[in-house]
Amino acid sequence: MGERVYPRDSPPFSGEHPNPHSTDETPPVSGEHHRRMSQDSFASSKMSYGNGYGYGPNPGTYVVQVPKDRVFRVPPPENEHKFKLYTEKKSKRSCCRCCICSIISTILILILLFAITFGILYLVYHPKKPTYNITSVHVKGVNLTTSNADATTITPVFNVTVNINNPNGKIGIYYEQGSEVSIYRDGVNLCEGKLPAFYQPPNSVTVLSTELSGAGMVLSKAARDKLMTQQKDGKVPLEMDASIPVKLKLGSVKLWTFTVKVTCDVTLSALTATAKVVSKDCKVHATPW
């Protein structure tokens, strides 16, 4: 891009009238001298533009070239509107990102604090699982000597005595309402019941008896014959499952309620009131331990 700049003493263009009020006096130029000056200016303009193409500027003018990257334009109005929309969207996105980051940071901090607190409590109290030991089982309502050869209906009632040991020196255990206890034989539920609610202090053993009952259990001839054979051998395998809601007490603080699941494989000598426990193996599953 070129711009013409006129010096102070440049002569006027052709056809332009001189200023009559000008105080500068220019000496007259002869015709021969004027013609020689015009030829020299034309030649110099051809040299400056190269190869003789086009005409150069008039005598007494200068060509100023400005790089394109220095030429600034005013953006159209629609670009200004687009820029405003873009900046508004960007600010909204930034606010949403800040909110999400704050929420995630808060959650991570809470998880970290909980983990630290739980770790400190674990190191201080050293929690241990309680142990469960079935000491006796007395059975009523199982009569296998009926006259009907096709099926036998029984109404079993199990009286189970359990020793519960709390080995923790600084932790008490609250056994809450809502427990469930069931006894199975070959996958068939024989009876159900509940444990009473009670509090077990630290370093203590609680002896607990509960009654489990069933009604209208029909044994097929094959199941009855198998059970009679097991009783003659003195080995009747059973499975007892218990689901017990408990709370831990740390000093004077009660924690939340969680469920302790106990599974016991028990073998009795017979399903009678004088039955003896031949073998037993109980496993405890609980989240804090």
Side-chain angles (χ1 to χ4, degrees), residues 129-167 173-201 203-246 259-286:
K129 295 180 182 180
T131 58
Y132 300 85
N133 182 27
I134 299 176
T135 58
S136 65
V137 179
H138 302 289
V139 185
K140 297 184 296 184
V142 179
N143 186 7
L144 303 179
T145 60
T146 58
S147 58
N148 190 350
D150 295 331
T152 302
T153 301
I154 61 175
T155 304
V157 177
F158 285 70
N159 195 333
V160 182
T161 302
V162 183
N163 284 2
I164 303 175
N165 179 27
N166 179 11
I173 303 176
Y174 284 95
Y175 286 83
E176 303 287 329
Q177 296 284 351
S179 62
E180 296 179 358
V181 183
S182 302
I183 292 181
Y184 297 86
R185 178 186 172 275
D186 292 341
V188 178
N189 189 352
L190 297 179
C191 55
E192 295 178 347
K194 298 180 180 181
L195 293 177
F198 66 98
Y199 171 71
Q200 186 175 26
N203 272 337
S204 63
V205 177
T206 302
V207 179
L208 190 66
S209 295
T210 184
E211 188 176 276
L212 314 177
S213 59
M217 301 295 302
V218 179
L219 297 179
S220 64
K221 183 177 182 302
R224 186 190 64 181
D225 294 342
K226 181 179 179 181
L227 181 56
M228 291 179 67
T229 303
Q230 291 174 344
Q231 289 194 128
K232 288 179 181 179
D233 295 337
K235 294 181 180 179
V236 180
L238 301 173
E239 179 181 338
M240 187 182 76
D241 293 340
S243 179
I244 312 167
V246 300
T259 302
V260 174
K261 293 186 178 296
V262 183
T263 302
C264 296
D265 293 326
V266 184
T267 301
L268 302 181
S269 59
L271 296 183
T272 62
T274 58
K276 295 181 180 180
V277 178
V278 177
S279 64
K280 57 203 172 184
D281 181 20
C282 293
K283 297 179 180 178
V284 180
H285 308 278

Does any N or O in the side chain of N159 come within less than 3.5 Å of the main-chain N or O of S209, such that one atom is a donor and the other an acceptor?
-> no

**Report entry** Donor-acceptor contact present, side-chain S179 to main-chain L195, <3.5 Å
**Finding:** yes

*Let me see the working for V137 and V139 under side chain to side chain contact (heavy atoms under 4.5 Å, CB included), right down to the final yes or no.*
CA-CA 7 Å; V137 179; V139 185; 4.1 Å; yes

(message) Using the rule given for side chain to side chain contact (heavy atoms under 4.5 Å, CB included), can you reason through L190 versus L238, listing the C-alpha separation, both sets of side-chain angles and the distance that settles it, and then say yes or no?
(response) CA-CA 10 Å; L190 297 179; L238 301 173; 4.1 Å; yes

[X] side, atom [atom1]; [Y] side, atom [atom2] - distance, nearest 0.5 Å:
{"X": "L271", "Y": "N143", "atom1": "CG", "atom2": "CG", "answer": "12.0 Å"}
{"X": "Y132", "Y": "I244", "atom1": "OH", "atom2": "CD1", "answer": "4.5 Å"}
{"X": "D265", "Y": "K280", "atom1": "CG", "atom2": "NZ", "answer": "13.5 Å"}
{"X": "K283", "Y": "T263", "atom1": "NZ", "atom2": "OG1", "answer": "8.5 Å"}
{"X": "K276", "Y": "L268", "atom1": "NZ", "atom2": "CG", "answer": "12.5 Å"}
{"X": "K235", "Y": "S269", "atom1": "NZ", "atom2": "OG", "answer": "12.0 Å"}

Taken in chain and number order and not counting sequence neighbours, the residues that satisfy side-chain hydrogen bond (donor to acceptor under 3.5 Å, both in side chains) with E192 are N189

Those residues at least two apart in sequence (or on a different chain) that pass side-chain hydrogen bond (donor to acceptor under 3.5 Å, both in side chains) with S136 are T161

Nearest heavy atoms of [X] and [Y], plus distance in Å:
{"X": "A275", "Y": "A270", "result": "CB-O, 2.8 Å"}
{"X": "G214", "Y": "T155", "result": "O-CG2, 3.1 Å"}
{"X": "P156", "Y": "M217", "result": "CD-CG, 3.9 Å"}
{"X": "P245", "Y": "Q177", "result": "CG-O, 3.3 Å"}
{"X": "P201", "Y": "S204", "result": "O-OG, 2.6 Å"}
{"X": "A242", "Y": "V181", "result": "CB-CG2, 4.0 Å"}

Could you check if a side-chain atom of [X] sits within less than 4.5 angstrom of a side-chain atom of [Y], using non-hydrogen atoms only?
{"X": "L208", "Y": "P196", "answer": "yes"}
{"X": "L144", "Y": "L219", "answer": "yes"}
{"X": "C282", "Y": "M240", "answer": "no"}
{"X": "N165", "Y": "N133", "answer": "no"}

Exercise for the section: Answer yes or no: are there more than 12 heavy-atom neighbours, outside K194 itself, under 6.0 Å from its atom NZ? Expected result: no

**Request:** Start with the C-alpha gap between T131 and V284, add the side-chain angles, then the distance that decides, and say whether side chain to side chain contact (heavy atoms under 4.5 Å, CB included) holds.
**Result:** CA-CA 7 Å; T131 58; V284 180; over 6 Å; no

Across all chains, not counting sequence neighbours, the ring pair (Phe, Tyr, Trp, His ring centres under 6.0 Å) partners of Y175 are F198

Discussion item. Assess the residue pair V266 and V277 against the criterion (side chain to side chain contact (heavy atoms under 4.5 Å, CB included)); give the C-alpha distance rounded to whole Å, side-chain angles, the decisive distance to 0.1 Å, and a yes or no.
Written reply: CA-CA 7 Å; V266 184; V277 178; 4.2 Å; yes

